[in-house]
Amino acid sequence: MLADAQLLLDYASVFVFALTGALVASRGQLDIVGFIFFAVLTAVGGGTVRDLLFGRDVIFWVARPSLILAAVAAAIIVFFTAHLLESRYRALLWFDALALAVAVPAGVDFAISAGYGAIIVTMAGVITASAGGLMRDVISNEVPLLLKQGELYLTAAFGGALAALAFDACGLPHGWGLIACGLVTFALRAGSMVWGWKLPVYRSSPPKVIPGIDPNEP
């Protein structure tokens, strides 16, 4: 049952993240090869980093190459349909939020199935959900979504992972925990985009003037 859930989450995460990568390629007016490159990079980036960090014998997409085909299919779909979207950037944000809500449970499920504790489970969920999008944004010369001021992105991933851990701690079925993980992640990210939910940001204050000391001196 756990294996089936992990497989489904892997395919869903790969496909939806691939859509976001292809949308970035469409905004850059790239050719079909560029679409496929961005789609595949975004789709498998997070899971690859996770598997390398956790010393997995075979990277998940190497063990199941059909995941790459799913990403390529997403790229081709976007290549022929992106022009129909009223705002490709808004579509990118919403697909990315959906991908986040799928990738966090995928990472959480991987770590729980491997028997890791709460801290590692949380980190696995966050890494799986964020690394691919980070690569996508850096290579496309965009400010990464997870680093934009006031955005609930990593916070949404952490919240989702903690929700899954809370369900497991209460002895509830594992599948329910994964569903709660995805819903909490999506709700926090969507709330940030629609209603402006955000965490307080650091505000610097002018340096204090101390007699005999130049405040501009390093």
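In this text the structure is predicted, and so the values were computed from the model without any measurement.
Listed here is the closest heavy atom pair of Val78 and Ala22: CB-CB, 3.6 Å. Pairing each heavy atom of Ser13 with each of Ala103, the nearest pair is OG-CB, 3.4 Å. Contact record, Leu19 with Ala74: CD2-CB, 3.7 Å, taken as the closest heavy-atom pair. Closest approach of Gly21 and Thr42 over heavy atoms only: CA-OG1, 3.5 Å. Nearest heavy atoms, Ala161 versus Cys181: N-SG, 3.9 Å. Taking each heavy atom of Val58 and Ala63 in turn, the nearest pair found is CG1-N, 3.6 Å.
Ile119 CD1: 12 or fewer foreign heavy atoms inside a 6.0 Å radius. For Lys198, the NZ atom counts as loosely surrounded, since its 6.0 Å shell holds 12 or fewer non-hydrogen atoms of other residues, nucleotides or ligands. Within a 6.0 Å sphere centred on CG of Asn141, heavy atoms belonging to other residues, nucleotides or ligands number 12 at most.
The closest side-chain heavy-atom distance from Leu23 to Leu85 is below 4.5 Å. A 4.5 Å side-chain heavy-atom check between Ile112 and His174 finds at least one atom pair inside the cut-off. Val104 places a side-chain heavy atom less than 4.5 Å from the side chain of Val108. A heavy-atom distance below 4.5 Å is not found between the side chains of Phe167 and Pro173. Within the 4.5 Å cutoff, the side chain of Leu67 has no heavy atoms near those of the Val44 side chain. A 4.5 Å side-chain heavy-atom check between Met123 and Tyr116 finds every atom pair outside the cut-off. With a 4.5 Å cut-off on side-chain heavy atoms, Val24 and Thr20 do not count as touching. Inter-residue side-chain proximity for Met193 and Arg90 is flagged as unmet; no heavy-atom pair is nearer than 4.5 Å.
Transitive grouping of hydrophobic side chains (ILVMFWY, heavy atoms separated by less than 4.5 Å) brings Leu30 and Ile76 into a common cluster. Under the 4.5 Å side-chain heavy-atom criterion for ILVMFWY residues, no single connected hydrophobic cluster contains both Phe35 and Leu84. Phe158 and Val201 are not part of a single hydrophobic cluster, where members link through side-chain heavy atoms under 4.5 Å apart. A continuous path of ILVMFWY side-chain contacts below 4.5 Å connects Leu100 to Leu147, so both sit in one hydrophobic cluster. Residue Leu165 is not grouped with residue Leu183 when hydrophobic side chains (ILVMFWY) are merged at heavy-atom distances under 4.5 angstrom, including chains of intermediate members.
Using bins of under 30°, 30° to 60° and over 60° for the plane-to-plane angle, the ring pair Trp94/Phe186 lands in the tilted bin.
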Go through Val49 and Leu53 one step at a time and tell me if the side-chain contact (heavy atoms from CB on, under 4.5 Å) criterion holds. CA-CA 6 Å; Val49 172; Leu53 287 175; 3.9 Å; yes
Going through the checks in order, is the side-chain contact (heavy atoms from CB on, under 4.5 Å) test met by Phe15 and Val102? CA-CA 10 Å; Phe15 187 79; Val102 177; over 6 Å; no
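Every residue was checked against the side-chain hydrogen bond (donor to acceptor under 3.5 Å, both in side chains) condition with Trp197, not counting sequence neighbours, and none meets it.
In summary, Arg136 and Asp96 engage in a salt bridge, as defined by a charged side-chain N under 4.0 Å from a carboxylate O.
Here the two rings, on Phe17 and Phe95, have centers that are 6.0 Å apart or farther.
In summary, the side chains of Tyr153 and Ser192 do not present any donor paired with an acceptor at a separation below 3.5 Å, with no hydrogens or angles considered.
For the side chain to side chain contact (heavy atoms under 4.5 Å, CB included) with Leu152, the lone residue among Thr185, Leu199, Leu146 that qualifies is Leu199.
A cation-pi arrangement is present between Arg50 and Phe60, with the terminal nitrogen or guanidinium carbon under 6.0 Å from the aromatic centre and inside a 45° cone about the axis.
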